[in-house]
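Chain letters run A, B, ... following the sequence lines, proteins first and then strands; every chain starts at 1. These numbers come from a predicted model, not from an experiment. Scope of the values below: all heavy atoms of this structure, side chains included, with no hydrogens, waters or symmetry mates.
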Amino acid sequence: MARHVLRVNGKDHEVDAEPGDSLLSLLRDDLGLTGSKFGCGEGFCGACTVLIDGQLTRSCVTRVGAVAGKAIATVESLAAGDRLHPVQQAFLDAEAFQCGYCTSGMVMATVALLKNTPNPTEQDIARVMDRNVCRCGTYPRIVDAIKRAAQQMRTTTTAVGGQR
Amino acid sequence: MSSIDDALSGREVVWGTDNLFKSYTVARGDVEAAFAGAPIVVEGEYETGSQEQLYIEPNGMLAIADLQNGVTVWGSMQCPYYVHRALAGLFNLPAEKIRVVQMETGGGFGGKEEYPSIIAGHAALLAWKSGRPVKIVYSRAEDMVATTKRHPSRTKHRTAVTRDGRLLAMDVDFVIDGGAYCTLSPVVLSRGTIHAAGPYRCDHVRIRGRAVATNVPPHGAFRGFGAPQSIFALERHMDRVAAAVGLGPDEFRRRNFVHAGDTLAVGQVIREPVSMNTLLDRALALAGYHDKRRRFVEENGTRAIKKGIGFSTFMHGAGFTGSGEDHLASVVAVEATREGVVRVLAASTEIGQGTNTIFSQIAAEALGIDPDDVEVVQPDTSEVPNSGPTVVHHALVDAGVLPSVHSRAEFRAACRRYVDSYGTLRATSRYQPPPGVRWDDQTYQGDAYGTYAWAAYVAEVSVDTTTYEIRVDDFVAVQEVGKVINPTLAMGQIEGGVAQGVGWALYEDVVWREGRMANAQMTNYIMPTSMDLPEIRVHFEEVPYPYGPAGAKGIGELPMDGPAPAIFNAVEHATGISATRLPLTPERLMELMCASPAV
């Protein structure tokens, strides 16, 4: 066991862990951040997706020792109080889920996509989606949600730009 | 023993005297006599593989257990009262000492119908022995190796037809592999057997259904519950019979569809209006079937990527099979709090299909109140009555019973007055079958289901003759499911079911090695992602069903039935290859195409 300092959602947490422990189990079991889900344990399904220094990352195959000092963002960081992040709101508006288990991973993947690609093409969306699986088969709605979110965030950005 | 053939050969006996968990025979008319005089007889044999439910949340359970307080488990499940009964038996405790709570469940598809009883038992026994809470969550590999999957099947068809394409007799032998323990195999077999002759009129039918014992892990419930297996065989076979009599697949079916007043193989007279022709017309028109059917053949020629279009027509019985609904005698309770909040108490679980929304919607509509004023209580056996398991969207069929009343303000005031004066305001309702429904478990004749949903699905495919990959380019799903209560949820159920059907048909291959699943990872058990799926165009014809809640029939299982045969029929149109075994992976298609001199 060793002591690690993890910066999660803007706050430092001191945790005792083996360097090889998975970030996902630490987030869920030690920090109580259960928004990130365990699906496959091999970085394939995307249910555990978080952002590390803004980059889309599979937390189930990320070792704690590798992320000390980096900025880790989970789905819990998105909403400001009761106000949902535009991507979360878009998923709600599009009813882009059934059981909801893959949703937080889908939302985080969308946040990462739109950060770098505010105006994604169908192809860009499909590429992201191919790495996040939904067994309920809600893909058409998820694509719709991603488009709505992109639109919404572009509109918001323009408004802010206009005020400058 | 790891196959249906092993079990039927009887070389080794692992169950009873003949390796049969269960068998049924449906008999109508005089099959042998009809075959004796038949001008055309078409035979075929069809196989389907196992399929993993692959809910993204693995099975998991938390237990506390001690002598004084009894046993409590919280976990991911579809049927709290199944787990409750299993634990009561395991611990030999009275019912009130067992408490089972369903937590938010990350998908089920039938895979959390039986298995949660096992993992709950393991967790509870460890908790009892250790005196500590115990949590067990399966890794993906553990879940895939240990839990129940869809039954593999083999179906043999022998069909007699007139020269002008009318069905004279159907002889069907339907066998499913139950695995090492019986589990729900008899019930899965029952649905598969009853659906084996489809929505066709035929006076002489014999269906023999058997569930065999083998040494592979037990197979169990999966969306469709045996019907997708026998419907795959039938709808592939119907295309071949059509070809044998020289008719188009659509014209052949039109000459044989059941209509209101006709009798199904189990002797059930169809009482409600049904128009398979209308559904088929609409589906074929939406898909541009006739034009493509002609055009693709002309265009394919020597092209490396060949296109094809095919369809399936089918029905799916609503609710539980035969006397199942009566035996379950499901109970739903509704109570109103002093504040005017209506609480729906049912053991039917939300697993992503929208149960909570639908219950709220039905209760709100019946009471004339806002859905936000309805609370669907978390399924907890210490609080909710036994509404039966959440399968077949039985939830929907059974729970929609409430008196009609007033406006929101009046409703709230009335609740307060009632609770202050008399205490708890609570009503309980038990399932009542529609009038005149009769079923005989001995002869397997009668009204197998209260009613049926009807459908026509069309698939358009591209087959790459270099890589042998098959891609579904377009999919049209037209169905009649009674009244559609919530269009968004209903469309979602169809889209999701079609996605799983595409996976079952083309990608999802459970590889067995010495009776064990060899590819128990998401990286080598391939399910479709958004890249693999076409737009799924969903259309409903609405014919309200008078005995369903708010006119609905049930919808969740239906979309699993149609995609696989429609896709296989389209592949035959594209390539001339009449494949009979799913999944049709590139490796299998390559074998078939290399062995075929015509291609």
Side-chain angles (χ1 to χ4, degrees), chain A residues 22 24-25 28-29 34-49 58 60-61 91-106 109-110 113 120 122-147, chain B residues 52-58 60 76 104-109 111-112 135 137-144 350-354 357 486-489 491-503 520-538 556 559:
Chain A
S22 90
L24 176 65
S25 58
R28 291 180 57 86
D29 301 339
T34 55
S36 310
K37 305 295 184 193
F38 175 87
C40 66
E42 49 183 347
F44 179 80
C45 76
C48 66
T49 302
R58 304 288 190 236
C60 74
V61 288
F91 270 70
L92 258 187
D93 293 344
E95 300 194 42
F97 37 75
Q98 284 181 29
C99 81
Y101 197 77
C102 72
T103 308
S104 49
M106 292 282 184
T110 306
L113 169 73
E122 294 271 345
Q123 201 59 36
D124 294 330
I125 294 174
R127 248 197 310 276
V128 169
M129 300 282 305
D130 201 40
R131 302 208 52 221
N132 283 71
V133 295
C134 168
R135 184 54 155 172
C136 300
T138 54
Y139 299 118
R141 311 238 176 127
I142 293 170
V143 172
D144 180 34
I146 295 173
K147 288 179 181 168
Chain B
E52 165 60 35
Q53 290 87 357
L54 215 68
Y55 32 74
I56 310 294
E57 176 202 47
S76 184
E104 282 69 16
T105 294
F109 317 113
K112 290 173 184 170
K135 181 166 88 168
V137 177
Y138 276 2
S139 71
R140 179 55 54 186
E142 286 169 335
D143 195 295
M144 290 177 86
E350 171 67 79
I351 54 172
Q353 77 287 47
T357 306
N486 183 316
T488 304
L489 291 176
M491 285 182 69
Q493 283 297 300
I494 304 297
E495 290 163 0
V498 170
Q500 290 176 355
V502 170
Q521 290 174 278
M522 281 200 196
T523 43
N524 53 14
Y525 179 84
I526 308 302
M527 70 161 141
T529 69
S530 57
M531 295 286 258
D532 308 307
L533 295 168
E535 186 188 353
I536 297 160
R537 299 192 274 151
V538 182

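Looking at F109(B) and C136(A), their side chains come closer than 4.5 Å, going by heavy atoms from C-beta outward. With a 4.5 Å cut-off on side-chain heavy atoms, I56(B) and K37(A) do not count as touching.
Of all non-hydrogen atoms in F38(A) and Y138(B), the two that sit nearest each other are CE2-O, 4.0 Å. Contact record, P58(B) with Y101(A): CD-OH, 4.1 Å, taken as the closest heavy-atom pair. Closest heavy-atom contact between P528(B) and Y139(A): O-OH, 3.3 Å.
Contacts of M144(B) with chain A are absent, with no heavy-atom separation under 4.5 Å from either backbone or side chain. Residue contact with chain B, scored on non-hydrogen atoms closer than 4.5 Å, involves the side chain of A47(A) exclusively.
With rounding to the nearest 0.5 angstrom, the CD1 atom of I142(A) is 8.0 Å from the OG atom of S530(B). Rounded to the nearest 0.5 Å, atoms CD (Q493(B)) and OG1 (T138(A)) are 11.0 Å apart. Between L54(B) atom CG and C45(A) atom SG the span is 9.0 Å, to the nearest 0.5 Å.
When the heavy atoms of residues 91-100 of chain A are compared with those of chain B, the residues falling under 4.5 Å are E95(A), Q98(A), C99(A), listed by number.
When each of M522(B), R140(B), Q521(B) is checked for a side-chain contact (heavy atoms from CB on, under 4.5 Å) with F44(A), only M522(B) meets the rule. Between R135(A) and the options Q53(B), E57(B), E52(B), Q500(B), a side-chain contact (heavy atoms from CB on, under 4.5 Å) holds for only Q500(B).
More than 12 heavy atoms of other residues, nucleotides or ligands shown are found within 6.0 angstrom of CZ on R537(B).
For R141(A), the salt bridge (charged side-chain N to carboxylate O under 4.0 Å, His left out) partners at least two apart in sequence or on another chain are E495(B). Under the rule for a salt bridge (charged side-chain N to carboxylate O under 4.0 Å, His left out), the partners of K147(A) that lie at least two apart in sequence or sit in another chain are E122(A). In this structure, D532(B) has no salt bridge (charged side-chain N to carboxylate O under 4.0 Å, His left out) partners at least two apart in sequence or on a different chain.
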